[in-house]
Protein chains: 2
Amino acid sequence: MPAETSQTVVPRDAKTVRPAAAARPRKAPRSRVVGAQALPLNQILSGDCVERMNAMPEGSVDMIFADPPYNLQLRGDLHRPDNSKVDAVDDAWDRFDGFSAYDRFSRAWLKAARRVLKPGGTMWVIGSYHNIFRVGAALQDEGFWILNDIVWRKSNPMPNFRGRRFTNAHETLIWAARDEGGKYTFNYEALKSLNDGVQMRSDWVLPICSGGERLKDEAGRKVHPTQKPEALLHRIILGATQPGDVILDPFFGSGTTGAAARRLGRAWIGIEREEGYRTAAAKRIAEVKPYDMEALQTTRSRRAAPRIPFGQVVERGMLRPGMVLTSADGRRKAKLRADATLSADGTTGSIHQVGAAVQGAPSCNGWTFWHFEKDGALVPIDWLRQQILAEVEA
Amino acid sequence: MPAETSQTVVPRDAKTVRPAAAARPRKAPRSRVVGAQALPLNQILSGDCVERMNAMPEGSVDMIFADPPYNLQLRGDLHRPDNSKVDAVDDAWDRFDGFSAYDRFSRAWLKAARRVLKPGGTMWVIGSYHNIFRVGAALQDEGFWILNDIVWRKSNPMPNFRGRRFTNAHETLIWAARDEGGKYTFNYEALKSLNDGVQMRSDWVLPICSGGERLKDEAGRKVHPTQKPEALLHRIILGATQPGDVILDPFFGSGTTGAAARRLGRAWIGIEREEGYRTAAAKRIAEVKPYDMEALQTTRSRRAAPRIPFGQVVERGMLRPGMVLTSADGRRKAKLRADATLSADGTTGSIHQVGAAVQGAPSCNGWTFWHFEKDGALVPIDWLRQQILAEVEA
DNA sequence: TTCTGAGCTGAATCGGTTA
DNA sequence: CTAACCGATTCAGCTCAGA
């Protein structure tokens with residue numbers, strides 16, 4: 001793709017982006033005139049998102065997805081235990097001069113975003129604990145009405161290498177209506193069928209964006225440090241918009257919103273300051289093949305079988321720290337501790353480790369080896385796991 | 001339990017609450033004097049939590065768990081599809097006049113809470129999307145340093161009856177240190193054990209409080225509208241405090257924090273305005289049987305083990321100066337000198353420095369990198385340290 | 001062609017002690 | 001206070017080389 005001379009980037013085949021709603025024209029227009037101003041559809045606008053949004057007609061957009069800078073405030077380098085260096089987010093666009101500067105930034109773009117939303121429009125914002133509380137409070141102050149907060153539980157997050165905190169395994173999304181009482185779009189049935197027939201919950205398990213989906217440059221480096229998975233946008237767009245709706249992303253980045261919107265037959269508008277991101281996003285979106293409407297019906301999410309750690313049995317009070325577990329024949333004994341480890345014969349460790357140790361065996365399935373007394377009989381602790389499993393699955 | 005005449009509620013057997021740290025007195029005191037003021041331990045204080053906290057000594061509490069009112073502002077009643085009425089949270093204490101009143105309330109109690117925290121203390125706050133963004137922003141403004149946000153994913157949430165939103169299936173906790181850079185308690189290994197040997201993530205799956213754990217009055221009505229499950233507090237207390245630490249809960253409610261603290265051998269202080277809750281909580285906590293001391297011994301991290309200098313290994317003659325140490329694959333070699341330094345490739349220094357140098361790595365744990373030959377096999381020199389440790393510990 | 005193991009990577013506010 | 005130094009710390013999933 002040649003260097004851009006105009007201010008906006010238009011995918012080569014923008015004309016084939018066809019909103020699917022019957023009432024829409026067959027050929028998607030490059031712009032839709034609303035009031036005196038034109039609405040630039042299926043294009044990536046350059047420049048500052050507040051200025052760009054303020055130049056757009058009021059009340060013209062059905063949904064906004066925003067992935068603003070997180071204000072991470074990282075200090076030094078971080079190395080993995082194998083001494084390799086973590087490629088952290090250190091871009092200039094993520095640096096702010098303290099909370100108040102970040103708050104001013106947030107209020108400015110939120111105000112502009114709210115102005116361009118239709119009365120029944122909704123907004124999605126994603127963030128982490130570094131910024132999401134400030135953004136959430138600011139959007140409430142601006143008059144948005146929160147409908148849900150959604151947790152994106154990452155199936156494959158980066159671990160905590162130093163062992164000083166919990167693995168940061170999720171990000172938070174806020175779904176908000178422009179106004180309290182607004183008649184927003186929520187495709188309850190579509191999401192329910194996406195979720196194997198049970199209503200969609202506020203926690204979504206999805207992998208991070210990696211593999212073939214992750215945009216790379218010629219040298220194999222990631223194009224954007226925080227590219228979002230298209231599956232996340234798929235669920236958001238499917239649940240909160242109708243085919244043909246206009247979706248605006250003021251922090252367009254690698255263009256995931258545009259790619260998912262095009263695939264799902266929605267119109268989109270991106271705003272992005274960095275030319276490199278605009279170029280990569282335009283190329284990416286141009287290569288997207290929109291789904292047949294029919295294909296939308298068949299999408300299903302996989303649900304992995306949950307793993308139940310032994311610790312849950314203890315936390316839930318099903319076994320009491322201090323009590324003694326025994327083997328089936330009652331000859332081996334071990335004492336349960338509050339962190340769900342066992343201690344016996346001077347060794348401590350997991351149910352599996354201690355089970356192996358007391359037998360002098362190389363390995364052991366502690367779930368079936370260790371028993372507790374219930375109503376006068378010895379019952380394997382695996383019975384307790386089955387109770388939890390049945391509850392979690394239900 | 002009789003109606004209270006005094007201002008505080010003391011469980012009948014408060015004297016048996018015994019902090020487990022060796023340095024503590026055998027009988028837990030009703031109060032601990034710090035400076036000029038007394039710290040009321042294992043008691044439920046009445047009245048306003050801000051006033052009560054301000055009457056406590058500064059820097060006297062190890063951990064705070066706070067479950068503030070959620071500011072739900074429900075409009076009208078909520079009915080299930082079968083027309084039964086949902087017993088919603090609509091108590092007077094949960095209504096605030098708009099966001100600014102709630103923010104003033106939040107800042108007041110956060111400021112008071114931060115004052116009573118020890119320098120290395122941490123605070124946990126739980127909330128939902130109605131209030132957590134405001135509380136999170138306020139605590140950042142007050143100087144708290146967020147360590148993690150944690151998602152409590154409910155395995156059995158109340159479904160969304162109207163089909164207009166996602167099932168609200170989680171609540172959010174914020175874990176924050178009093179100050180940036182504070183040396184907080186985090187029992188990494190204990191939590192890892194609790195999670196089957198993999199590090200604990202920021203998303204926790206736990207059932208809501210129901211069944212026998214849920215406090216009911218004589219008529220079978222729930223005593224408190226938002227009683228938290230004890231499993232949640234078990235994990236928090238086990239992970240973020242030591243036995244004998246003082247845990248404060250300024251919104252004590254049904255006393256889950258006190259019950260879990262007592263069970264886990266921690267001292268606790270509750271503050272609660274409503275007499276009915278105080279009475280129920282005191283009765284509940286009095287019935288809690290603390291775990292054995294032995295069960296409270298949790299898996300210790302290597303960080304907490306006494307430090308053995310490598311020089312001791314040489315001094316004791318376990319390794320002989322002049323011999324050659326190698327990496328696990330045998331490719332890197334270094335010669336041991338009498339002052340317990342190594343020399344290789346022209347560089348000399350500690351086991352760590354030379355290990356890093358021969359690999360060209362930024363750092364290296366020499367204990368696990370360097371090996372010596374024992375009975376024909378390569379053994380890491382850390383094995384020798386373990387021998388000394390076992391001897392020192394015994 | 002298919003399997004296996006080594007290697008790499010991801011929005012990260014990721015030490016503590018002694019001199 | 002800073003600086004030096006010790007030494008603790010990772011999970012899931014994809015890619016690719018080699019069998």
Side-chain angles (χ1 to χ4, degrees), chain A residues 67-91 93-96 99 102 126-132 152 154-172 205 207-214 216 220-222 224-229 251 253 304 307, chain B residues 120 140 144-149 175-177 180-184 186 188-189 192 195-202 301-305 307-311 340 349-353 355-356 361-370 381-382 385:
Chain A
D67 182 11
Y70 285 11
N71 190 24
L72 287 189
Q73 307 174 65
L74 301 177
R75 303 282 194 254
D77 288 344
L78 178 65
H79 291 88
R80 296 185 176 81
D82 65 3
N83 270 328
S84 63
K85 186 163 172 278
V86 172
D87 183 13
V89 177
D90 57 355
D91 305 74
W93 50 254
D94 195 44
R95 286 196 282 269
F96 290 85
F99 286 136
Y102 189 79
I126 186 168
S128 67
Y129 66 84
H130 310 84
N131 71 324
I132 198 65
W152 167 27
K154 302 179 184 182
S155 56
N156 50 349
M158 180 153 58
N160 185 291
F161 295 116
R162 288 292 196 155
R164 298 295 299 147
R165 302 184 177 190
F166 297 91
T167 308
N168 207 349
H170 74 275
E171 292 187 27
T172 301
V205 181
I208 60 175
C209 182
S210 66
E213 188 187 332
R214 189 87 196 217
K216 303 273 173 61
R221 290 172 306 220
K222 55 192 179 195
H224 192 280
T226 67
Q227 184 180 342
K228 295 293 173 290
F251 307 99
R307 188 179 59 89
Chain B
Q140 286 181 312
F144 284 100
W145 189 248
I146 298 181
L147 298 168
N148 277 113
D149 61 336
W175 181 38
E180 180 183 358
K183 288 180 190 166
Y184 55 91
F186 180 56
Y188 176 76
E189 290 294 339
K192 191 172 169 177
N195 195 34
D196 272 1
V198 294
Q199 60 179 212
M200 189 73 81
R201 299 167 38 118
S202 59
S301 72
R302 300 182 64 168
R303 273 195 189 91
R307 198 169 145 265
I308 308 291
F310 179 61
S350 72
I351 52 173
H352 314 293
Q353 290 168 331
S363 69
C364 169
N365 184 341
W367 288 108
T368 51
F369 180 75
W370 293 111
I381 57 177
D382 195 50
R385 180 170 61 163

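Lettering follows sequence order; numbering is per chain, from 1.
For N156(A), there are no side chain to side chain donor-acceptor pair (under 3.5 Å) partners two or more places apart in sequence or in a different chain. Checked against ring pair (Phe, Tyr, Trp, His ring centres under 6.0 Å), H130(A) has no partners two or more places apart in sequence or in another chain.
G212(A) comes within 4.0 angstrom of sugar-phosphate atoms only, judged by non-hydrogen atoms across all strands, and of no base. Among the atoms of the strands shown, none is found under 4.0 Å from any heavy atom of C209(A).
Put simply, K222(A) has a side-chain N or O that comes within less than 4.0 Å of OP1 or OP2 on dG10(C).
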Between protein and nucleotides 2-7 of chain C, what N or O pairs are separated by less than 3.5 Å?
none

Please tabulate the protein-to-nucleotide N/O contacts below 3.5 Å involving nucleotides 14-19 of chain C, giving atom names and distances.
unit_1: dC14(C); atom_1: O2; unit_2: N160(A); atom_2: OD1; d: 2.8
unit_1: dC14(C); atom_1: O2; unit_2: F161(A); atom_2: N; d: 3.0
unit_1: dC14(C); atom_1: O2; unit_2: R162(A); atom_2: N; d: 2.6
unit_1: dC14(C); atom_1: N3; unit_2: F161(A); atom_2: N; d: 3.3
unit_1: dG15(C); atom_1: OP1; unit_2: R162(A); atom_2: NE; d: 2.4
unit_1: dG16(C); atom_1: OP1; unit_2: R164(A); atom_2: NH2; d: 3.0

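The shortest side-chain heavy-atom distance between M200(B) and T167(A) does not fall under the 4.5 Å cut-off. H79(A) is not listed as a side-chain neighbour of S363(B), based on a closest heavy-atom distance of 4.5 Å or more.
Taking atom C1' on both dA17(D) and dT1(C), the two are 15 Å apart, rounded to the nearest angstrom. Taking atom P in both dT9(D) and dC8(C), the straight-line distance is 23 Å, to the nearest Å.
Aromatic pair W175(B)/F186(B): ring centres closer than 6.0 Å.
A donor-acceptor contact under 3.5 angstrom links the side-chain atoms of K228(A) to the base of dA11(C).
Within the 3.5 Å criterion, the main-chain N or O of P69(A) finds a donor-acceptor partner in the side chain of Y102(A).
Secondary-structure annotation of DNA chain C gives the stems C:2-10 with D:11-19, C:15-19 with D:2-6, with a stem taken as at least 3 successive Watson-Crick or G-U pairs whose two distances both fall under 3.5 Å.
Protein chain B contacts DNA chain D from dC5(D) to dC11(D), reading 5' to 3' and using non-hydrogen atoms of the protein with a distance under 4.0 Å.
Salt-bridge annotation for R221(A) and D87(A): absent, with no side-chain N of the basic residue lying under 4.0 Å from a carboxylate O of the acidic one.
Using cut-offs of 30° and 60° for the angle between ring planes, the W93(A) and H224(A) rings count as parallel.
Comparing Q73(A) and D87(A), the nucleotide of DNA chain C nearest to each residue sits closer to the 5' end for D87(A).
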